[in-house]
Amino acid sequence: QVQLVESGGGLVQPGGSLRLSCAASGSIPRLHIMGWYRQAPGKQRELVATIISGGYTNYADSVKGRFTISRDNAKNTVLLQMNSLKPEDTAVYYCNVRVILDSVDYWGQGTQVTVSS
């Protein structure tokens, strides 16, 4: 029912910036949370940031002060501005929509972010 498409990943040098975008389509219940997760090789998928329609945001400690999540409710898009990137930020980044009442998660296919010299 819900389709998520990420874009904006790529290769960047340490200290550089990238902006990820996620476009959501389909029938999305009003009570939902949008967010970003990431998974590095050999590691578990972890939360990066989440945002609700009212503007409340939550960030992983590892990205606080460097990443900013935002959303356009009318367009059902969510952005992740990533500044001061570090090699440890290298991962596949996944867009997520969580339907609160049903506890159902929808995932995008992921976009690769590589931070390297």
Side-chain angles (χ1 to χ4, degrees):
Q1 292 183 341
V2 178
Q3 184 176 1
L4 306 176
V5 180
E6 303 100 332
S7 62
L11 175 64
V12 65
Q13 293 183 328
S17 298
L18 284 174
R19 185 175 68 179
L20 305 183
S21 178
C22 174
S25 62
S27 181
I28 305 176
R30 290 188 294 178
L31 296 178
H32 68 272
I33 301 171
M34 301 188 75
W36 290 94
Y37 290 72
R38 67 186 182 186
Q39 187 168 21
K43 296 185 177 181
Q44 297 293 112
R45 188 172 300 185
E46 65 177 357
L47 170 71
V48 177
T50 60
I51 186 169
I52 61 175
S53 60
Y56 174 81
T57 58
N58 182 55
Y59 296 92
D61 289 340
S62 59
V63 307
K64 287 182 178 178
R66 300 188 298 119
F67 291 10
T68 302
I69 188 171
S70 61
R71 66 183 292 170
D72 185 329
N73 292 327
K75 297 181 178 180
N76 281 334
T77 60
V78 59
L79 304 174
L80 184 68
Q81 178 66 46
M82 304 184 295
N83 299 325
S84 301
L85 283 163
K86 305 174 181 179
E88 51 263 44
D89 294 318
T90 296
V92 177
Y93 284 70
Y94 297 92
C95 182
N96 170 262
V97 170
R98 175 166 295 166
V99 180
I100 297 175
L101 294 179
D102 296 332
S103 298
V104 174
D105 285 314
Y106 297 92
W107 297 93
Q109 297 188 56
T111 184
Q112 177 70 49
V113 172
T114 302
V115 185
S116 176
S117 299

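Please read these numbers as outputs of a predicted model, since none were measured by experiment. What's counted below: heavy atoms across the whole structure, side chains too, no hydrogens, waters or symmetry copies.
- For residues 47-79, no residue pair satisfies the disulfide (SG to SG under 2.5 Å) rule, not counting sequence neighbours.
- Here disulfide (SG to SG under 2.5 Å) pairs that include residues 27-68, with residues two or more places apart or in two chains, number zero.
- The stretch residues 100-112 participates, sequence neighbours left out, in these side chain to side chain donor-acceptor pair (under 3.5 Å) pairs: N96-D105, R98-D105, Q112-T114.
- With sequence neighbours left out, S21 forms a side chain to side chain contact (heavy atoms under 4.5 Å, CB included) with S7, L79.
- Taking CG of L85 as the start and CZ of R66 as the end, the distance is 6.5 Å to the nearest 0.5 Å.
- E6 places a side-chain N or O within donor-acceptor distance of the main-chain N or O of G110, the cut-off being under 3.5 Å.
- Annotation for L4 and A24: closest pair CD2-CB, 3.4 Å, computed over non-hydrogen atoms.
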Name the atoms and distances for all side-chain donor-acceptor pairs under 3.5 Å in residues 32-42, with sequence neighbours left out.
unit_1, atom_1, unit_2, atom_2, d
H32, ND1, P29, O, 2.6
H32, ND1, R30, O, 3.3
H32, NE2, R71, NH2, 2.9
R38, NE, E46, OE2, 2.7
R38, NH1, D89, OD1, 3.0
R38, NH1, Y93, OH, 2.9
R38, NH2, E46, OE2, 3.3
R38, NH2, S62, OG, 3.4
Q39, NE2, K43, O, 3.1

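- A continuous path of Ile, Leu, Val, Met, Phe, Trp and Tyr side chains, each step under 4.5 Å between heavy atoms, connects V12 with L20, placing both in one hydrophobic cluster.
- No chain of hydrophobic side-chain contacts below 4.5 Å, direct or via other Ile, Leu, Val, Met, Phe, Trp or Tyr residues, connects I52 to V99.
- Side-chain N or O atoms of Y59 include one that pairs as donor or acceptor with a backbone N or O of I69 at under 3.5 Å.
- Heavy-atom minimum distance, S17 versus S84: OG-N, 4.3 Å.
- L18 and Y94 fall into different hydrophobic clusters, where Ile, Leu, Val, Met, Phe, Trp and Tyr residues are linked whenever their side-chain heavy atoms come under 4.5 Å apart, directly or through other members.
- Applying the disulfide (SG to SG under 2.5 Å) test to every pair with at least one member in residues 78-117, sequence neighbours left out, gives these pairs: C22-C95.
- Under the 4.5 Å side-chain heavy-atom criterion for grouping Ile, Leu, Val, Met, Phe, Trp and Tyr, V104 is connected to V2 within one hydrophobic cluster.
- Atom CE of M82 and atom OG1 of T68 lie 11.0 Å apart (nearest 0.5 Å).
- I28 and L101 sit in two unconnected hydrophobic clusters of ILVMFWY residues. Membership requires side-chain heavy atoms under 4.5 Å apart, directly or through other members.
- Counted within 6.0 Å of CD on Q44, heavy atoms from surrounding residues, nucleotides or ligands total 12 or fewer; the atom is thus considered open.
- Residues L47 and N58 meet the side-chain proximity criterion, which asks for heavy atoms closer than 4.5 Å.
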